2 protein chains.
Amino acid sequence: MKRSNTTITDIAEKLGVSPSTVSRALHDHPAISDKTKKAVVRLARKLDYQPNLLALNLLQKKTNTIGVVVPEITSYFFSSIINGIQDLVNPMGVNMVIGQSNESYKEEKKIIQTFRAINVDGFLISPSSKTKKFDHLLAIKENNIPLVIFDRDCEGVEADKVFVDEYSGAFQAVEHLIKTGCRRIAHIAGPPTLSTARHRLKAYKNALEKHKIKVDDDYILTCKGFTPKHGIAPTKQLLGLEKCPDAIFAINDGVAIGAMYVIKEAGVKIPGQISIIGFDDDPHSSYFKPSLSTVWQPTYEMGMLSARLLMKKVNAKSHDPKIRVESLFPELIIRGSSF
Amino acid sequence: MKRSNTTITDIAEKLGVSPSTVSRALHDHPAISDKTKKAVVRLARKLDYQPNLLALNLLQKKTNTIGVVVPEITSYFFSSIINGIQDLVNPMGVNMVIGQSNESYKEEKKIIQTFRAINVDGFLISPSSKTKKFDHLLAIKENNIPLVIFDRDCEGVEADKVFVDEYSGAFQAVEHLIKTGCRRIAHIAGPPTLSTARHRLKAYKNALEKHKIKVDDDYILTCKGFTPKHGIAPTKQLLGLEKCPDAIFAINDGVAIGAMYVIKEAGVKIPGQISIIGFDDDPHSSYFKPSLSTVWQPTYEMGMLSARLLMKKVNAKSHDPKIRVESLFPELIIRGSSF
DNA sequence: ACATTTTATGCAAAGGTTTGCATAAATTTT
DNA sequence: AAAATTTATGCAAACCTTTGCATAAAATGT
């Protein structure tokens, strides 16, 4: 059997009717007689007719494909967001192409260009940590292509957005450390370009202030990435301070895991001497010794919600300028690395 | 600015020539005069002409999109394979749609159906662990759609294939355990439907036999999945044996991590009393205490190579029935969980 | 000056589907 | 029986690009 490729014209010819009639019959158009409809449908089934989506795409200027742009896919965080997107979108007959910016503005821009060239119906974007100019995103808006930004904000870009309430999660985490007796709490922060990192840092400071603990800049370090490797150097630096911290709030689980490794290596007790808390609830986190306390984020839900907002715009008859910003709630998970 | 959508006809009209001339001019066709070419190219640039890929797709019955079908994307293993695919394919102007079977034959079949409907130019597939019938894959072959199977074999399906030499990796791992003094070596195996799991099991047995160690069925357990959670129960069972093993070779790092957790919890020393070795070299593995010995697999390279084979078929002028089967080599990485 | 070749361009079809408008046939109304 | 309405179908355009073939114009050869 070769590529079947039965066309509507094939059916039309065999039945001695016009292609238009076949098309209408297949779409159950009221102006077609029942007799014709039945004949068409039967023959279509028999010949295994599959509509040529390429022709449809051209006609409708629509591809039923959305473009998803993320910094990377190898972390559980983003791959589970993608799962959420996929599970929402696939049942609607929509597919998705994925692009990884690798935290590079240039690559991000190129991906968006490519995706525009292939006429994606909409964009779901979480910008890279290097992205400071938003020209590429604004261009999407200007061309009236639906766009939803998720997880990481692009201030100044008016678009539907879906975030996690980072502030609340981080505040809870730090307050938990304080309540369990920690006073010299350090924070290994993320790149300040990231809204997520900024909100967590802000929450960290505010939580300390609320409890009358002085914010000490020596306790605030910035890491360049999100894997255990990136947690090593900052942690060593913290351990070298004359007033060693008694807790570390890390920007995410990856970094926290790196931190734990260094601390255990140094023979310092977790949580006896230093408590640790991460962010994201990576599936590995509960299997460390001690298991890592963390802040769970509704990643799958974030993917679903973002995709839902996007598809709403994509399917809207008229262009609705109203923008929606949604917030999802994280959850503190206390495990063994803190009291 | 609305969607620009300058067409070749727009340019033709403004220049008072025919669309064909514009098309040829843009493709540097020899029959077009330099004067016309220059005028066309200049105006095209000025109007920011972008060829309409949808029209091209229809004309060429080609989408420059490939379909990638994997069991899941949340593991590092598959997501880094996807990275390799992406990095090979994107520079060629080819995009990829991803489908996750979630280890379900039914979902896998559905994904393939969808991808065929959107006319992907080729398939890159790693079958689910439940896939025993290959009708959906054979249908791809029958319709002459290029197909490359990677990592997990589908015996009986004649297609290009790219594997890792599981046998060699597993054999090295087990032999390493033997050479470091272990004699009661257990294996937590994967689902026997998976070629990868079968090869590792085979290598395990052969390595034991080579060193005159009796294969004991009590030491061979099967797990249902690849995350730490799936390592818990089998490990508990092993610890409960009257002759507790002195080493565990786990099907992958995920399961090994679960095993380590249980063993540490039980107060048994790693590697003093039990050595552990995993498979995959998950990025987390080196940060556990002890760090996990494992077998590294060239996942990124596997993705690249698979994609390279696929694109070769996709771009081939004539249908070449010759099939290629490639093998990549894994590497034993000794860390702290074994001597 | 005429025949032949070369050069530059246009026409029209093809790819498959949808849809507004026109039309033919059948039915109902006067 | 003629007129008006309803019902069922077809035509052709549109979506945009490429390409084989035809043709017109220019250049070359005799």
Side-chain angles (χ1 to χ4, degrees), chain A residues 2-41 43-44 47-65 93 116-121 143 317, chain B residues 2-41 43-44 47-65 93 116-121 143 317:
Chain A
K2 291 287 152 61
R3 289 201 195 202
S4 67
N5 284 350
T6 302
T7 80
I8 231 167
T9 322
D10 294 340
I11 299 178
E13 277 171 6
K14 302 214 183 188
L15 251 44
V17 297
S18 77
S20 358
T21 302
V22 174
S23 171
R24 284 191 258 251
L26 290 172
H27 289 85
D28 204 25
H29 191 286
I32 303 294
S33 70
D34 283 356
K35 208 181 98 193
T36 318
K37 270 184 199 166
K38 276 207 182 108
V40 167
V41 170
L43 186 57
L47 298 179
D48 188 30
Y49 166 74
Q50 307 283 29
N52 183 326
L53 297 186
L54 269 45
L56 261 188
N57 288 348
L58 176 59
L59 192 64
Q60 302 173 171
K61 293 165 169 297
K62 216 185 147 194
T63 52
N64 292 306
T65 300
R116 284 183 58 184
I118 63 171
N119 286 284
V120 295
D121 294 340
N143 288 56
K317 304 288 169 230
Chain B
K2 290 288 154 58
R3 289 201 195 202
S4 67
N5 283 350
T6 303
T7 80
I8 230 167
T9 321
D10 295 339
I11 300 179
E13 277 171 7
K14 302 213 183 186
L15 250 42
V17 297
S18 77
S20 356
T21 302
V22 175
S23 171
R24 284 191 258 252
L26 290 172
H27 288 86
D28 205 25
H29 192 284
I32 303 294
S33 71
D34 283 356
K35 207 182 96 192
T36 319
K37 269 182 199 167
K38 275 203 184 110
V40 168
V41 169
L43 187 58
L47 298 180
D48 188 32
Y49 166 74
Q50 308 282 30
N52 183 325
L53 297 186
L54 269 43
L56 264 188
N57 288 348
L58 176 58
L59 194 62
Q60 302 173 171
K61 293 167 170 296
K62 215 185 147 192
T63 51
N64 291 305
T65 300
R116 285 183 59 183
I118 63 172
N119 286 283
V120 294
D121 295 340
N143 288 56
K317 303 288 167 227

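Throughout, a chain's letter reflects where its sequence line sits, starting with A, and its residues are numbered from 1. Remember, it's a predicted structure, so these values are computed and weren't measured experimentally.
- Nucleotide C:dG16 holds its P atom 7 Å from the CG atom of B:Leu58, rounded to whole Å.
- When the side-chain hydrogen bond (donor to acceptor under 3.5 Å, both in side chains) test is applied to B:Ser33, the partners found at least two apart in sequence or on another chain are B:Thr36.
- In this structure, A:Ile8 reaches the sugar-phosphate backbone alone: every heavy-atom distance under 4.0 Å involves primed, P, OP1 or OP2 atoms, never a base.
- The environment of NZ in B:Lys62 is crowded: more than 12 heavy-atom neighbours from other residues, nucleotides or ligands sit within 6.0 Å.
- Closest approach of B:Thr6 and B:Tyr49 over heavy atoms only: O-CD1, 3.1 Å.
- Between B:Thr65 and A:Ile118 the shortest side-chain heavy-atom distance does not fall below 4.5 Å.
- Counting only distance, with no hydrogens or angles, the side chain of B:His27 and the backbone of B:His29 share no donor-acceptor pair below 3.5 Å.
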Without placing hydrogens or testing angles, list every side-chain donor-acceptor pair under 3.5 Å for residues 52-60 of chain A, not counting sequence neighbours.
residue, atom, partner, partner atom, Å
A:Asn52, OD1, A:Leu54, N, 2.8
A:Asn52, OD1, A:Ala55, N, 3.2
A:Asn57, ND2, A:Leu53, O, 3.4

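- In this entry the distance linking CG of A:Asn57 with P of C:dT17 reads 12 Å, nearest Å.
- With sequence neighbours excluded, the residues that form a salt bridge (charged side-chain N to carboxylate O under 4.0 Å, His left out) with A:Asp28 are A:Lys37.
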Please list, pair by pair, any protein nitrogen or oxygen found under 3.5 Å from a nitrogen or oxygen in nucleotides 6-10 of chain D.
residue, atom, partner, partner atom, Å
D:dT9, OP1, A:Thr36, OG1, 2.8
D:dT9, OP2, A:Ser33, N, 3.1
D:dT9, OP2, A:Ser33, OG, 3.2
D:dT9, OP2, A:Thr36, OG1, 3.0
D:dG10, OP2, A:Ser18, N, 2.8
D:dG10, OP2, A:Ser18, OG, 3.1
D:dG10, OP2, A:Thr21, OG1, 2.5
D:dG10, N7, A:Arg24, NH2, 3.4
D:dG10, O6, A:Arg24, NH2, 2.7

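- A pairwise comparison of heavy atoms in B:Ala44 and B:Leu26 identifies CB-CD2, 3.9 Å as the closest pair.
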Between the protein and nucleotides 26-28 of chain C, list the N/O to N/O atom pairs that are separated by less than 3.5 angstrom.
none

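- Across all strands shown, B:Leu56 has heavy atoms under 4.0 Å from sugar-phosphate atoms exclusively, and none from any base.
- Summarising the geometry, the separation between CG on A:Asp28 and C1' on C:dT18 is reported as 16 Å, rounded to the nearest angstrom.
- Remark: C1' of C:dG16 and NZ of A:Lys62 are 18 Å apart, rounded to the nearest angstrom.
- The interatomic distance linking B:Lys61 (NZ) with C:dG15 (P) rounds to 7 Å, in whole Å.
- Straight-line distance from the CG atom of A:Leu54 to the P atom of D:dT18: 15 Å, rounded to whole Å.
- In terms of heavy-atom proximity, A:Ser18 sits nearest to A:Ala12 at C-CB, 3.6 Å.
- Note: CG (A:Leu59) to P (C:dG15) measures 17 Å, nearest angstrom.
- To the nearest angstrom, P of C:dA25 lies 15 Å from NZ of A:Lys35.
- Counting all heavy atoms, side chain and backbone alike, A:Thr63 lies closest to A:Val120 at OG1-CA, 3.7 Å.
- Each end of the helix from C:dA1-D:dT30 to C:dT30-D:dA1 gets its own rotation axis from five pairs of C1' atoms, and the angle between them is 60° to the nearest 10 degrees.
- Checked options B:Val40, B:Leu43, B:Thr9; the residue passing with B:Val22 is B:Val40 (criterion: side-chain contact (heavy atoms from CB on, under 4.5 Å)).
- Residue B:Tyr49 places at least one side-chain N or O closer than 4.0 Å to OP1 or OP2 of D:dT17.
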